[in-house]
Amino acid sequence: MIRIDMPMRSRVALAAVSLMAAFPFLLVELFPSALYRVLDASDYLVFHNTVEFFSVMVSLSIFGAAWFSHSQSGDRHTLFIGVAFLGIGLMDFMHTMGYPGMPSFITPNSPNKSTQFWIAVRLFGAASFLASGFVGKERRSYRFGRWPLLAAVLAVTGAVFVLVTYFPDALPTTFVPGYGLTPFKKGAEWLIVILLCLAIVVYLRRLNTSEDFHYRCFVCAFVLCIFSELVFTVYKSVYDTYNVLGHLYKLIAFAMIYHGVFAAAVQRPYGELHQALEELRLTNDVLRHIMNSIPQSIFWKDRDSVYMGCNHEFAVGAGLSDPSEVVGKTDHDLPWTDEECEGYLTDDRVVMESGRAKMHIIENLTQADGSVIWIDTSKLPLRDKGGAIWGVLGVYEDVTEKKLHAERLSDALQFNQEIINSAREGIVVYDSELRYLVWNPYMEELSGYRAEEVLGRGAADLYPQLEETGFLARLKDLLRGGAPVTVEFRGRDAAGREIWLSDASAPLRSASGEVVGVIATVRDITERRAIEEQLRQAQKLESVGRLAGGVAHDFNNKLTVILGNAELASYKTEEPALREHLGQIVKAAEQSRDITAQLLAFSRQQVVKPKPVQVNVMLEELRKSLGRLIGEHIAIVVIPGEGLWQINIDPVQLDQIIMNLAVNARDAMPQGGTITIATGNCELREPPPGSRDVVPGGFVWIECRDTGEGMDAETRRHIFEPFYTTKRQGKGTGLGLATVYGIVTQNGGFIEVETEPGCGSTFKVFFPRCAGERCHEPEPPAPAPAQGSGTVLLVEDEDMVRDLTMSMLESMGYRCLAIADPREALVVAENPEVEIDLVLTDVLMPGMRGQEMMEALRRTRPGVKCIYMSGYTAAILDDESVRREGAAFLKKPFQMEELAKLVQEVLSGKGPEQEG
């Protein structure tokens, strides 16, 4: 059972047509006396021919509409119906021309001939309607194209024409004179009705899926055709009302089919075309608006590089008021320069000939106002449907600001890169994975690693020790946004040399503030650490020196008493045994004085008498004494430098340096060896490392090199400390090298030491060369000691020193006024009746220094002569004022001969000028 679910509109249309078709038929059936008529033969012939010729015209119109619109609509279904109606129209024409009363149509006309044509056309039409229900809109093969269909229909029509015209007896008889219509004719009518009903069913199924208007037209037309056939089966006369009604049903049905075909083949395609054109127009307007709104310039040219269009931005740049004005122009018609035009045309040809786009061409463009800008142009080939290139599409934008910004950015980057490259400190940048991104040339110099060896590697891969020292953990903390840190750590360069580095690291942030890495500046602080270590050592030595100076001062006072009293006692006794004991006391005191001299030399407080000295001459004089001091198991080699400059130094100090270095070398070679002493000149253009207070210039160096055991790093750090010694107890005081250090620095020089365990030691001492006239002054002869006369004001707070000195002065023939307090001495000096020829005063006394006392004393006794005495160096005095005074300095402990000689010199006006 076939189930058909018709849409409501189709149901209504089908019902309405069925009712309207049935209504006149029922009227004739119900009111035959009033409505049934039999027309005159001539009148019927006019009616029949008019209706049939009109039907033929409608059929041919259906064919024409379907045939000629097919190229536009592509509707296979309407083409099938249209070609079928060509056959229907032709056979209707044959039927009309074969009707009795018409001129003979090739063969004599007859009711049978006309009716055979009628049955043929009606069967062909019903079968075509049914078949059309199975023909889709889209063409699926070329076998059912337009021309095959046309050929098939013409073949059928021709066959019907030949059979009915020339072989009527071969066909069933449809009309018998005197009898009327044959059963075949009536059976054929019912067959036609059945075919039409099936066609209705097929089209109704189509309406279920596609409620197209023309399908409803066809269904309604088929209903009318059915009523037409039914009427032709019941008519009683060829010329009666039923026959007329049947022809009218047929005519209306053909008109409805024409309407459906026209709607499907003409109205709908051209309506769709109109809608497409309207949509295309709207799309074109939208595209034009979009192109004119785009800030980039857009243009397109044909194969000859003639402009076919552009957008508003391009037109403005070319000095045109409307984009349409560019059509037909070439580049040479626009304000571009000839050189620019040639470049543009060359790019056009390259794109069209190669068929490949040319992107991001950076070039100049001269605008309408004469200004020149930089543009970024991209050109693409334009192709038709077949793929042939017919032109070129170009898009460009003004990149002048971008180019200037890029140039400024490039300059800034280059400037920053130059800063990074020329910086005299390491600059390192890590990424978020702590891989090296930047490694500047100073880092290459500092570390020994080239940038290409480092970049891209992880920090821990290059320096595994960073993990152990915690440095890597600090870097990771900085990646989390931690505070900047500065750390100092020990490392090694690529050559394995140990270095100290200072690393100042901070988070590296992007423009949005996100931490994207770490930036660090690295410095080589190896020299600074060494200087700091030397400074700590110097501070330590300075502290010990101050202590040693204070001890030596007090000890010198005691030695002065011991040495002086022993000398006085030895002068006053004649007993040999006692004189021998007193001599041992003097000898012990002198040895003790040498120890205090070493302490003062170390603390730079020794009293010195510098003078020009030729080092090579002194070394030659010391060679024999050095041999006796060192021993025969050690060879001494002296290599004097040629043209050696003089140095300004106390000869005793130079003896101490040579002796101490030689003894230190001897002790390092218990099994024997060689000591080499060499000299030479050198020029220093800058202070040596670790001795920044040394003034550059000419220096004389003395080198003492041994083949002994050498020293390790720990011993090397302590060798200049007083009382530090590696010798067994009783084998040394530890003051030898400390004394050397003190003497050298006191005289403006410095020391370099090279030593390794098992490789011996080399001490190289540098002294500034002697400059000026005094380097050539002969040493003045020493005056002969003699008894003196006069009054000496002695000011000394130490009782035993004061008493001893007074005894010495009195034994020399001088009158002595001994006072302990400097303030009391000033009171005595204010008395004009007290005669004072010389003031002999200690420098450091409680309440007032000796120099302060002399300043106050000279207010009442101007020009009085003075000798300062102290266990410290003369450097504790105000050098300038001492020179003005013409005063002298006497170092404690002193012997009687020294005191007598100096007092005589000062009183005679020949005292030495004290120098700082």
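This is a predicted model, so every value here is computed, not measured.
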- Message: More than 12 heavy atoms of other residues, nucleotides or ligands under 6.0 Å from NE2 of His289: yes or no?
- Response: no

- Would you indicate whether the side-chain heavy atoms of Trp300 and Tyr307 approach each other to under 4.5 Å? no

- Here the pair of heavy atoms bringing Pro381 nearest to Gly355 is CG-O, 3.5 Å

Only pairs under 3.5 Å count here: list side-chain donor-acceptor contacts from residues 57-64, not counting sequence neighbours, and write none if there are none.
from  : atom 1 : to    : atom 2 : distance (Å)
Ser59 : OG     : Ser55 : O      : 2.9
Ser61 : OG     : Met57 : O      : 2.8

- Message: Using 0.5 Å steps for rounding, measure from the CD1 atom of Ile373 to the NZ atom of Lys403.
- Response: 13.0 Å

- What's the spacing between Leu130 CG and Cys197 SG if we round to 0.5 Å? 11.0 Å

- Task: Could you list the residues that satisfy salt bridge (charged side-chain N to carboxylate O under 4.0 Å, His left out) with Glu278, not counting sequence neighbours?
- Result: Arg281

- Query: Got Pro100 and Ser110 here, is their nearest side-chain heavy-atom distance under 4.5 Å?
  - Reply: no

- Quick one: does Asp304's side chain have a donor or acceptor within less than 3.5 Å of a partner on Val306's backbone? no

- Note on the structure: Distance col, row Cys217:SG vs His259:NE2, nearest 0.5 angstrom, shows 5.0 Å

- For Lys329, what residues pass the salt bridge (charged side-chain N to carboxylate O under 4.0 Å, His left out) criterion, not counting sequence neighbours? none

- Message: Distance check, rounded to the nearest 0.5 Å: Ile200 atom CD1 versus Leu195 atom CG?
- Response: 11.5 Å

- Query: Can you tell if the side chain of Glu313 reaches within under 4.5 Å of the side chain of Ile298, non-hydrogen atoms only?
  - Reply: no

- Query: Between atom CE of Met308 and atom CG of Leu382, what is the distance when rounded to the nearest 0.5 Å?
  - Reply: 9.0 Å

- Which residues pass the side chain to side chain donor-acceptor pair (under 3.5 Å) test with Gln296, sequence neighbours left out? Glu397

- Item | Atom pair NE2/CD1 of His312 and Ile294 - distance to nearest 0.5 Å | 13.5 Å

- Steps toward side chain to side chain contact (heavy atoms under 4.5 Å, CB included) verdict (Leu251, Glu52): CA-CA 8 Å; Leu251 183 62; Glu52 289 298 340; over 6 Å; no

- Note on the structure: Closest heavy-atom pair, Ile81 versus Ser132, reported as atoms and distance to 0.1 Å, is CG1-CB, 3.7 Å

- Query: Any idea which heavy atoms bring Ala22 and Tyr249 closest together, and the distance?
  - Reply: N-OH, 4.3 Å

- Item | Polar side-chain atom of Ser228 near backbone of Leu224 as donor-acceptor pair, under 3.5 Å | no

- Query: After noting the C-alpha distance and the side-chain angles of Asp333 and Thr330, does the key distance pass the side-chain hydrogen bond (donor to acceptor under 3.5 Å, both in side chains) rule?
  - Reply: CA-CA 5 Å; Asp333 299 324; Thr330 66; 3.3 Å; yes

- Output all residues satisfying salt bridge (charged side-chain N to carboxylate O under 4.0 Å, His left out) with Asp398, sequence neighbours left out; order by chain, then residue number. none

Acceptor/donor pairs from residues 314-323 side chains to any protein atom, 3.5 angstrom cut, sequence neighbours excluded:
from   : atom 1 : to     : atom 2 : distance (Å)
Ser321 : OG     : Glu325 : OE2    : 2.4
Asp322 : OD2    : Ser324 : N      : 2.9
Asp322 : OD2    : Ser324 : OG     : 2.5

- Query: What residues, two or more places apart in sequence or in another chain, satisfy salt bridge (charged side-chain N to carboxylate O under 4.0 Å, His left out) together with Arg349?
  - Reply: none

- Message: Asn284: which residues meet the side chain to side chain contact (heavy atoms under 4.5 Å, CB included) condition with it, sequence neighbours left out?
- Response: Arg288

- Query: Do Met102 and Leu45 have side chains that get closer than 4.5 Å, going by heavy atoms?
  - Reply: yes

- Result for side chain to side chain donor-acceptor pair (under 3.5 Å) between Trp336 and one of Asn364, Thr366, Asp331 points to Asp331

- Quick one: side chain to side chain donor-acceptor pair (under 3.5 Å) partners of Asp348, sequence neighbours excluded? Lys301, Ser305, Lys379

Can you list, pair by pair, the side-chain donor-acceptor contacts under 3.5 Å of residues 86-94, counting residues two or more places apart and other chains?
from  : atom 1 : to     : atom 2 : distance (Å)
Asp92 : OD1    : Lys250 : NZ     : 3.0
Asp92 : OD2    : Lys250 : NZ     : 3.1

- Residue set satisfying side chain to side chain donor-acceptor pair (under 3.5 Å) with Asp369, at least two apart, ordered chain then number -> Ser371

- Answer yes or no: is there a donor N or O on one side and an acceptor on the other, between the side chain of Ser128 and the main chain of Phe124, under 3.5 Å? yes

- Item | Thr400 side chain vs Trp374 backbone, donor-acceptor pair below 3.5 Å | yes

- Taking all non-hydrogen atoms of both residues into account, name the closest pair between Ala221 and Ile257 and its distance. CB-CG1, 3.4 Å

- Donor-acceptor side-chain pairing of Thr174 and Asn112 below 3.5 angstrom: yes

- Message: Show the nearest heavy-atom pair for residues Phe129 and Cys225, with the distance to one decimal.
- Response: CE1-SG, 4.4 Å

- Would you say the side-chain atoms of Ser104 pair up with the backbone N or O of Ile106, donor to acceptor, closer than 3.5 Å? no

- Message: If we ignore hydrogens and angles and just use 3.5 Å, is the side chain of His95 paired with the main-chain N or O of Ser114 as donor and acceptor?
- Response: yes

- Measure up the His48 and His247 rings against each other and bin them: parallel (under 30°), tilted (30 to 60°), perpendicular (over 60°). perpendicular

- Query: When you measure from the side chain of Lys185 to the backbone N and O of Thr173, does any donor-acceptor pair fall under 3.5 Å?
  - Reply: no

- Taking the side chain as every heavy atom from C-beta outward, state whether Asn109 and Tyr99 have any pair of such atoms under 4.5 Å apart. no

- Task: Evaluate the side-chain proximity of Pro24 to Leu245: yes if any heavy-atom separation is below 4.5 Å, no if none is.
- Result: yes

- Message: Using only atom types and a distance under 3.5 Å, with no angle test, would you say the side chain of His360 pairs donor to acceptor with the backbone of Ser378?
- Response: no

- On the 0 to 90° scale, with breaks at 30° and 60°, tag the Phe299-Tyr396 ring pair as parallel, tilted or perpendicular. tilted

- Query: Taking the six-membered ring of Trp67 as reference, does the NZ or CZ atom of Arg146 fall below 6.0 Å from its centre and within a 45° cone about the axis?
  - Reply: yes

- Message: Which heavy atom of Ala357 sits nearest to which heavy atom of Leu380, and what is that distance?
- Response: CB-CG, 4.0 Å

- Item | Verdict with reasoning, Lys113 to Met97, per side chain to side chain contact (heavy atoms under 4.5 Å, CB included) | CA-CA 10 Å; Lys113 178 181 179 181; Met97 295 303 294; over 6 Å; no

- Query: Got Ile361 and Asp347 here, is their nearest side-chain heavy-atom distance under 4.5 Å?
  - Reply: yes

- Please examine the side chains of Glu340 and Glu363, heavy atoms only from C-beta on, and report whether any two atoms are closer than 4.5 Å. no

Can you give me every donor-acceptor pair (side chain of residues 150-170, partner residue at least two apart or in another chain, under 3.5 Å) with its distance?
from   : atom 1 : to     : atom 2 : distance (Å)
Thr157 : OG1    : Val153 : O      : 2.8
Thr165 : OG1    : Phe161 : O      : 2.7

- Message: Students often mix this up, so state it plainly: with edges at 30° and 60°, are the rings of Tyr203 and Phe222 parallel, tilted or perpendicular?
- Response: perpendicular

